[in-house]
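Since the structure comes first, as structure tokens, the remarks are kept for the end.
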There are 2 protein chains.
Amino acid sequence: MARNADSPALPRSVDVARLAEVSQKTVSRVFNNEPYVSEEVRRRVLAAADQLGYRLNNAARVLASGRSRSIGVVTLGTALYGPTSLLIGIERAVRDVGYTLRVATTVEGDTGGVAGAVESLLDQGVDGVIISEPIDDGAGPVQIGVPVLVLGAPPAFAGPHVVATGVRSDLLARVATEHLLDLGHRTVHHVAGPQRWFSARDRLDGWRTALRARGCPEPTVVEGDWSAASGYLAGRQLATDDTVTAVFAANDDMAIGLIRGLMEAGLRVPEDVSVVGFDDIPLAGYVTPPLTTARQPFDVVAREGLT
Amino acid sequence: MARNADSPALPRSVDVARLAEVSQKTVSRVFNNEPYVSEEVRRRVLAAADQLGYRLNNAARVLASGRSRSIGVVTLGTALYGPTSLLIGIERAVRDVGYTLRVATTVEGDTGGVAGAVESLLDQGVDGVIISEPIDDGAGPVQIGVPVLVLGAPPAFAGPHVVATGVRSDLLARVATEHLLDLGHRTVHHVAGPQRWFSARDRLDGWRTALRARGCPEPTVVEGDWSAASGYLAGRQLATDDTVTAVFAANDDMAIGLIRGLMEAGLRVPEDVSVVGFDDIPLAGYVTPPLTTARQPFDVVAREGLT
DNA sequence: CTGAAAGCGCTAACAT
DNA sequence: ATGTTAGCGCTTTCAG
């Protein structure tokens, strides 16, 4: 027996049934909100359950029914605002449809980490898998027996059981870039996210699209790693190029670092160089100078995916 | 039958056993790394399992063994850097000891949300519960049948099955405050976090301790809600008081908002007012002016708790 | 070192 | 509207 001697064995549904003087199956019906149970009986069962402190055994339920009512999400183990917000949105959305969430994190740089994370989720018996901020680590979606939802990947990523939902951050990126062009800049530079991330590529695509639509020259892209530190380095670098008058950064952290890099090099923001970020972190309006940024609708994205 | 007709039924351990010509129990032994299995047999079993694409059924294992090897964590559904970092640390720590994580989020302001979250975790059959960034919502730890670890609560919070691990952020807060005093300030003001949070109270305690130890006057505390916006308001307010020369903010977001509030009121930072934050968010060194801050050892805290 | 039998606590089909 | 009978796929005894 695994049960400790000091804690009295937990009550099971038969115990409740006995106390309520009904069959065990009726208890099951009550706890599953199935129809065809008289109010009278339902009340009795609930009272008995309450008295005993009964709690439905999830493992047994899953085993017998074949469905776990849980879905797994693969996410990056970082405190970055974007991925975190998306995860929170997913959690809400999943719970709203009556499922629970299993989280598996991958570490950046660990190629094949996604596959491993998916494996571990499958071992836990999830009914479906969401791959949150996917990165392109070679391996396409594995052939697995449950539905997979890939957030932010191009539709080309879809497969038999695989659905891909785009965040359309390319559109937002395009708008952000156009905003800068509307200010009268000849062109806009871009500090991109790591190009292994689909979301980074999306933003770059949106930026490029905007420039082409206006026939603007397309400057060389500086690639960062989402961190303020990398944005700072990009800023120092861009400051040496006096054609730079406007910069679109792929996230707010890099934008903030970028601004500092530019300022340290003697440039004024926004007088000499305009900067636009991406994500709309809560801090954005409070740094000096305040950061203009595009807001991503994380909650909407998360909700959309759950068909 | 719950199995879809289009997906061939998943293999079970008996199938593996048949193919490997051993008993089903032996398959179980191999997959649990139990001793007393000859290398020869182990290899045969693994080969058969691999060929069939066998995967141990977690629900059945949990049901039969009575242990889920999963622990639940109650956390706040925000993208705040502190709680998020702590959660990531917890995830790593939990996985390192061979457990999986179940997450339940609570919404701030929803009194009793913690109890509800704990309920849902228990329904999912976790072996233990971690309450991460606890807030004081009246209800003490409920009497539940599994071990509970409360991170960042005072030892007084402990109970029969309840362990409390302090983050000792009070010590860090004290050091931060002393740092400001060492700079020659007559006293230090404090922009606190919401006092329902234990971690906010800890920081306030540390600040107060430092002032008392030096015999400094103890100014009125301004309470924020962790956000940059609330820090900004605090800044505007403190700017009207010309005794303010140094401020310790309970987190970096508030510190950044605070700085902006002070600057907008015509004060220079750090020339007129020194500001120290708390958390050491990655951005801290890249805002203008750079933020001095105390770093919390999230990973260590998380690891410590797992006895 | 390996195997046989007996459940774990529930849901699914079929009664009634 | 409620009860009966079988399992779900594994781990646990207890035998060899």
Side-chain angles (χ1 to χ4, degrees), chain A residues 1-4 9-46 48-49 52-70 122-125 127 145, chain B residues 1-4 7-46 48-49 52-70 122-125 127 145:
Chain A
M1 256 301 49
R3 199 84 61 214
N4 290 328
L10 296 171
R12 299 150 305 162
S13 61
V14 270
D15 300 323
V16 176
R18 198 146 36 216
L19 185 59
E21 297 179 293
V22 294
S23 79
Q24 184 267 346
K25 173 68 222 190
T26 297
V27 175
S28 169
R29 285 204 176 89
V30 170
F31 275 84
N32 286 290
N33 284 310
E34 284 175 36
Y36 306 127
V37 185
S38 69
E39 260 319 302
E40 145 72 6
V41 169
R42 179 182 304 276
R43 227 187 313 278
R44 243 171 41 220
V45 169
L46 289 176
L52 264 39
Y54 171 71
R55 193 184 296 279
L56 213 153
N57 180 316
N58 190 52
R61 187 228 275 269
V62 171
L63 178 56
S65 70
R67 276 157 305 113
S68 69
R69 297 201 70 77
S70 82
L122 291 178
D123 283 344
Q124 294 170 49
D127 288 345
Chain B
M1 259 301 47
R3 199 82 62 212
N4 291 326
S7 57
L10 295 171
R12 300 151 304 162
S13 62
V14 269
D15 301 322
V16 176
R18 199 145 35 215
L19 184 58
E21 296 179 295
V22 295
S23 78
Q24 184 267 348
K25 171 67 219 186
T26 296
V27 175
S28 169
R29 285 204 177 91
V30 170
F31 275 84
N32 286 291
N33 283 312
E34 285 175 35
Y36 305 127
V37 185
S38 68
E39 260 319 302
E40 144 74 4
V41 169
R42 179 183 304 275
R43 225 188 314 278
R44 245 172 38 221
V45 169
L46 288 176
L52 264 39
Y54 171 72
R55 192 183 296 278
L56 212 151
N57 180 315
N58 190 53
R61 187 229 276 269
V62 171
L63 177 56
S65 71
R67 276 156 302 112
S68 69
R69 298 201 69 77
S70 81
L122 291 178
D123 283 345
Q124 294 169 49
D127 288 345

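Chain identifiers are assigned alphabetically (A, B, ...) following the order of the sequence lines, protein sequences preceding nucleic acid strands; residue numbering begins at 1 within each chain.
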Mark yes when over 12 heavy atoms from residues, nucleotides or ligands other than B/Glu21 sit less than 6.0 Å from its CD; otherwise mark no.
no

For this session: For C/dG9, take OP1 and OP2 only and decide whether either is under 4.0 Å from a side-chain N or O of A/Arg12.
Result: yes

Side chain B/Ser13, main chain B/Val27, donor-acceptor under 3.5 Å: no

In whole angstroms, the gap separating P of C/dG9 from CZ of B/Arg61 amounts to 18 Å

To the nearest angstrom, the CG-P distance between B/Asp123 and C/dC10 comes to 12 Å

Practice prompt. Examine distances only and state if a side-chain atom of B/Arg44 and a backbone atom of B/Ala20 form a donor-acceptor pair shorter than 3.5 Å.
Written response: yes

Using a heavy-atom cut-off of 4.0 Å across all strands, would you classify B/Asn32 as base, sugar-phosphate, or nothing? sugar-phosphate

| Does the side chain of A/Asn58 come within less than 4.5 Å of B/Asp123's, by heavy atoms? | no

OP1 or OP2 of C/dT11 under 4.0 Å from side-chain N/O of A/Ser28 | yes

Side chain to side chain contact (heavy atoms under 4.5 Å, CB included) test vs B/Arg29 passes for just one of B/Val22, B/Val37, B/Val45, namely B/Val37

Separation of D/dC10 atom C1' from B/Asp15 atom CG, nearest Å, is 13 Å

Testing D/dT11, C/dG9, C/dT11 for proximity to the side chain of A/Leu56, the answer is C/dT11

A/Arg18 CZ to D/dG3 P, in whole Å, measures 14 Å

Under a 4.5 Å cut-off applied to non-hydrogen side-chain atoms, are A/Asp15 and A/Arg18 in contact? yes

| task | Tell me what A/Phe31 touches on the nucleic acid: a base, only sugar-phosphate, or nothing, going by heavy atoms under 4.0 Å. | result | nothing

Rounded to whole Å, the CG-P distance (A/Asn58 to C/dG9) equals 14 Å

With the criterion being N/O to N/O and under 3.5 Å, what pairs connect the protein with nucleotides 1-5 of chain C, and how long is each?
residue: C/dT2; atom: OP1; partner: B/Ser38; partner atom: OG; Å: 3.1
residue: C/dT2; atom: OP2; partner: B/Ser38; partner atom: N; Å: 2.8
residue: C/dT2; atom: O4; partner: B/Arg29; partner atom: NH2; Å: 3.4
residue: C/dG3; atom: OP2; partner: B/Ser23; partner atom: N; Å: 3.0
residue: C/dG3; atom: OP2; partner: B/Ser23; partner atom: OG; Å: 3.2
residue: C/dG3; atom: OP2; partner: B/Thr26; partner atom: OG1; Å: 2.6
residue: C/dG3; atom: N7; partner: B/Arg29; partner atom: NH1; Å: 3.3
residue: C/dG3; atom: O6; partner: B/Arg29; partner atom: NH2; Å: 2.7

To the nearest angstrom, the CD-C1' distance between A/Glu34 and C/dA13 comes to 12 Å

Practice problem: Please check the phosphate of D/dC10 (OP1 and OP2 only) for any side-chain N or O of B/Arg67 closer than 4.0 Å. | Solution: no

Between CG of A/Leu63 and P of D/dT11 the distance, given in whole Å, is 12 Å

- prompt: If you measure only the distance, is there a donor-acceptor pair under 3.5 Å linking the side chains of A/Arg61 and A/Asn32?
  reply: yes

side-chain N/O B/Ser13 vs D/dG9 OP1/OP2, d < 4.0 Å: no

Taken to the nearest whole Å, CZ/A/Arg69 to P/C/dC10 is 17 Å

